[in-house]
Peer 1: 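Got a structure for you, questions after.
Below, chains carry the letters A, B, ... as their sequence lines are ordered, and counting in each starts from 1. Because the structure is a prediction, the values reported are computed rather than measured.
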Amino acid sequence: MTSKDPLFWTTIFCGILVLAIILFPLIQLLTASSLSKLMETIKDKTVIKSIWLSIYTAFLAASISFIIGTPFAYLLARKEFMGKHLIEAIIDLPVVIPHPVVGIAILGVVGRNHWFGSILLELGVRVMGSVTGIVTVLIFVGMPLYINSVKDGFESISPRLENVSRSLGASMMSTFFRVTFPLAFRSMVVGLLMCTARAVSEFGAVVIVAYHPMIAPVLIYERFEAYGLEYSQPVAIWLVFFCLTLFLILRIITLKKKKDI
Amino acid sequence: MNLKYLLVLLIFVTLTASSYAEEKLEGIVTIFHAGSLTLPFAQMEKTFEENHPDVDVRREPAGSLKCARKITELGKPCDIMASSDFKVIDELLVPKYSDYSIRFASNQIVLCYTKTSLHASEITKDNWFNILLTEGVSWGFADPNVDPCGYRSLMTMQLAEIYYKKPGLYDKLYAICPKENIRPKSEDQVALLQTGNLDYAWEYLSVGKQHKLENLNLPQEINLGSLKYNDFYEKAKVNVAGDKPGKFIEMNGDSITYGVTLINDAPNKRAALAFMVCLLDPDGGLKILDDMGQPPIIPCQVKNSDIMKNIPEQIRKLVKPGE
């Protein structure tokens with residue numbers, strides 16, 4: 001593709017359009033607050049607490065997705081079985097369900113009126129209005145992204161490599177941890193990033209399950225309703241700033257890994 | 001002669017066509033309204049659209065304060081705004097975005113629950129506070145900073161302390177209700193009650209009736225539903241969000257009065273006015289409200305006779321000035 005090729009200019013034009021769609025409203029948001037208002041906001045303990053809660057619960061959801069999603073993604077990548085397509089469609093369901101519906105669905109099974117909810121309450125586990133509830137919602141919405149990414153990663157690794165390892169006497173478990181896992185590591189990191197990013201941005205489902213404790217998107221909503229744009233924008237800016245920094249660092253680490261490989 | 005007839009006919013046809021065009025309403029009417037008005041307004045929308053098939057009524061229910069902020073801060077186009085507290089219109093929209101508020105309905109605070117709520121069979125208007133203080137009973141209210149139902153629920157609890165002669169009751173109730181049970185809108189609690197995540201919730205009577213919940217009706221002295229107890233209601237004072245985080249303003253108790261207004265730069269003023277006429281009609285919108293458990297104010301009221309001159313002619317006959 002050379003600069004004389006129309007395809008080249010098409011790609012450049014589309015690239016500019018994509019960046020404009022993303023950056024235009026974000027730049028407006030980022031420049032809407034004065035520096036003094038930003039400083040005042042970051043000194044507010046409620047803001048720090050909610051941004052920290054957002055990041056902490058998102059990573060917790062990603063970690064749990066990693067623990068339970070990885071073996072399942074491996075199964076889906078390596079085995080053909082009856083109903084596999086149906087299961088894959090079920091995994092994609094949380095991506096297409098409207099967010100408030102997710103919240104309502106979760107509330108439906110954790111209340112006293114449901115047998116599962118009454119067992120949880122007997123055990124002292126409270127989902128509504130708790131960190132447990134927030135993490136549950138974030139796993140629900142984020143895990144499909146992780147599983148799909150890791151499944152693709154496993155599928156791209158040739159089973160022959162695993163067979164060689166097995167033929168040299170390694171057990172299936174040992175082969176998984178010493179051959180497959182390192183080779184699929186990058187797709188896991190990408191999956192974790194996607195899952196975390198999805199979780200940080202979640203609002204609709206969380207606000208139904210847990211208004212308090214407030215994650216950052218809920219605090220932004222509350223600030224807007226109670227005090228207006230002037231006090232909700234700075235919180236949004238800080239959330240974007242922290243997330244951008246965090247994801248930039250993680251991207252750099254991931255790229256480095258790719259080059260190393 | 002023939003030319004004369006032709007001219008008369010032409011004038012007649014033009015006049016008829018223009019008067020027809022004047023009567024024919026079309027386009028979109030955008031209404032921002034309090035969440036507690038969702039069901040009656042949905043019914044009014046249906047009726048209005050049946051009578052005016054070219055008009056599309058689009059409603060956006062939200063907390064009353066959010067409705068106002070969408071107009072003042074986000075500049076979202078809106079024709080009509082209906083709030084669960086007329087003061088929200090008077091304080092946030094008048095005079096820049098609107099010239100008046102029309103008080104069109106009242107309501108009362110009740111304690112809603114379901115048949116599966118803990119102690120549901122025992123609760124009465126004389127022991128409800130003991131049940132709310134019982135360990136294991138979960139109850140909640142709307143966020144007082146964003147929903148008028150929230151601060152009104154707190155006012156009812158304060159008034160209960162005086163009415164039942166139980167010093168310290170309000171503080172005890174406030175302390176025992178975990179923040180986690182608070183929701184941004186009072187209607188958000190309905191799903192929590194139905195799923196058993198909450199046993200009791202402070203609600204408007206109309207919302208309880210519309211969602212077929214069990215309603216514990218409270219004495220008039222504390223339910224904020226009667227104008228004649230306004231002096232008593234004023235004894236309740238609740239701090240709500242002020243102009244910036246960490247700042248609070250004091251709200252005094254008052255009877256619940258819903259307000260509606262036409263926004264000054266409404267994009268579809270003609271159709272919006274027609275909707276307002278239907279809403280304020282005792283046999284139309286006000287009847288729908290009454291049927292759904294929300295007592296209408298008949299005739300609707302404006303603050304005083306000075307405000308009457310700001311009221312559009314079409315709806316002037318449906319309102320009267322308050323004292």
Peer 1: If only atom types and distance count, is the side chain of B:Trp139 paired as donor or acceptor with the main-chain N or O of B:Leu132 below 3.5 Å?
Peer 2: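 Yes: the side chain of B:Trp139 pairs with the backbone of B:Leu132.
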Peer 1: Have a look at B:Trp202 and tell me which of B:Phe141, B:Trp128, B:Tyr151 forms a ring pair (Phe, Tyr, Trp, His ring centres under 6.0 Å) with it.
Peer 2: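 So, applying the ring pair (Phe, Tyr, Trp, His ring centres under 6.0 Å) to B:Trp202 and each of B:Phe141, B:Trp128, B:Tyr151, only B:Trp128 qualifies.
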Peer 1: For chain A, which of B:Lys244, B:Gln194, B:Glu180 has the most heavy-atom pairs under 4.5 Å?
Peer 2: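 Among B:Lys244, B:Gln194, B:Glu180, the one with the most close pairs to chain A is B:Lys244.
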Peer 1: Keeping B:Asn197 on the side-chain end and A:Leu107 on the backbone end, is there a donor-acceptor pair under 3.5 Å?
Peer 2: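 Looks like yes, one N/O pair under 3.5 Å.
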Peer 1: Could you tell me whether the side chain of B:Asp79 and the main chain of B:Ile31 form a donor-acceptor pair under 3.5 Å?
Peer 2: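 No.
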Peer 1: Side chain from CB out, backbone as N, CA, C, O: work out which of these in A:Glu230 comes under 4.5 Å of a heavy atom of chain B, or both, or neither.
Peer 2: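 Backbone of A:Glu230 only, per the 4.5 Å heavy-atom cut-off to chain B.
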Peer 1: Answer with side chain, backbone, both or neither: which region of B:Asn181 has an atom nearer than 4.5 Å to a non-hydrogen atom of chain A?
Peer 2: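 For B:Asn181, the contact with chain A is made by backbone and side chain together.
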Peer 1: Using non-hydrogen atoms only, which part of B:Asp188 is less than 4.5 Å away from chain A: side chain, backbone, both, or neither?
Peer 2: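 Neither; nothing under 4.5 Å.
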Peer 1: Looking at chain A, which one of B:Gly196, B:Pro178, B:Ala68, B:Ala191 has the largest number of heavy-atom pairs inside 4.5 Å, strictly under?
Peer 2: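 That would be B:Gly196.
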Peer 1: Checking heavy atoms, do the side chain of A:Val207, its backbone, both or neither come under 4.5 Å from chain B?
Peer 2: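 Both parts, heavy atoms under 4.5 Å.
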Peer 1: Any donor and acceptor pair, going by atom type alone, linking the side chain of B:Asp56 with main-chain N or O of B:Ile28 inside 3.5 Å?
Peer 2: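 Pair absent, no side-chain N/O of B:Asp56 close to backbone of B:Ile28.
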Peer 1: Can you find a side-chain donor-acceptor pair between B:Asp90 and B:Ser101 that sits under 3.5 Å?
Peer 2: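 Note: B:Asp90 and B:Ser101 side chains meet the donor-acceptor criterion.
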Peer 1: I'd like to know which of B:Asn145, B:Val240, B:Asp143, B:Asp147 tops the heavy-atom pair count under 4.5 Å against chain A.
Peer 2: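 Heavy-atom pairs under 4.5 Å are most numerous for B:Asp143.
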Peer 1: Using heavy-atom distances under 4.5 Å, tell me whether B:Leu92 contacts chain A through its side chain, its backbone, both, or neither.
Peer 2: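 For B:Leu92, there is no contact with chain A at all, as no heavy atom is under 4.5 Å.
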Peer 1: With a 4.0 Å cut-off, would you call B:Glu60 and B:Lys76 a salt bridge?
Peer 2: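 Answer for the salt bridge query: yes.
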Peer 1: Salt bridge or not between B:Arg69 and B:Glu73? Use side-chain N to carboxylate O under 4.0 Å.
Peer 2: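 Salt bridge between B:Arg69 and B:Glu73, a charged N being under 4.0 Å from a carboxylate O: yes.
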Peer 1: In terms of heavy-atom pairs under 4.5 Å, which option from B:Gly246, B:Pro245, B:Gly63 contacts chain A the most?
Peer 2: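 Greatest number of close heavy-atom pairs with chain A: B:Pro245.
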Peer 1: Which bit of A:Tyr221 comes within less than 4.5 Å of chain B, counting heavy atoms only: side chain, backbone, both or neither?
Peer 2: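 Only the side chain of A:Tyr221 comes within 4.5 Å of chain B.
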Peer 1: Of all of B:Lys70, B:Arg183, B:Lys66, which one pairs up most often with chain A through heavy atoms under 4.5 Å apart?
Peer 2: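 That would be B:Arg183.
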Peer 1: Which bit of A:Val209 comes within less than 4.5 Å of chain B, counting heavy atoms only: side chain, backbone, both or neither?
Peer 2: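 Looking at A:Val209, just its backbone touches chain B.
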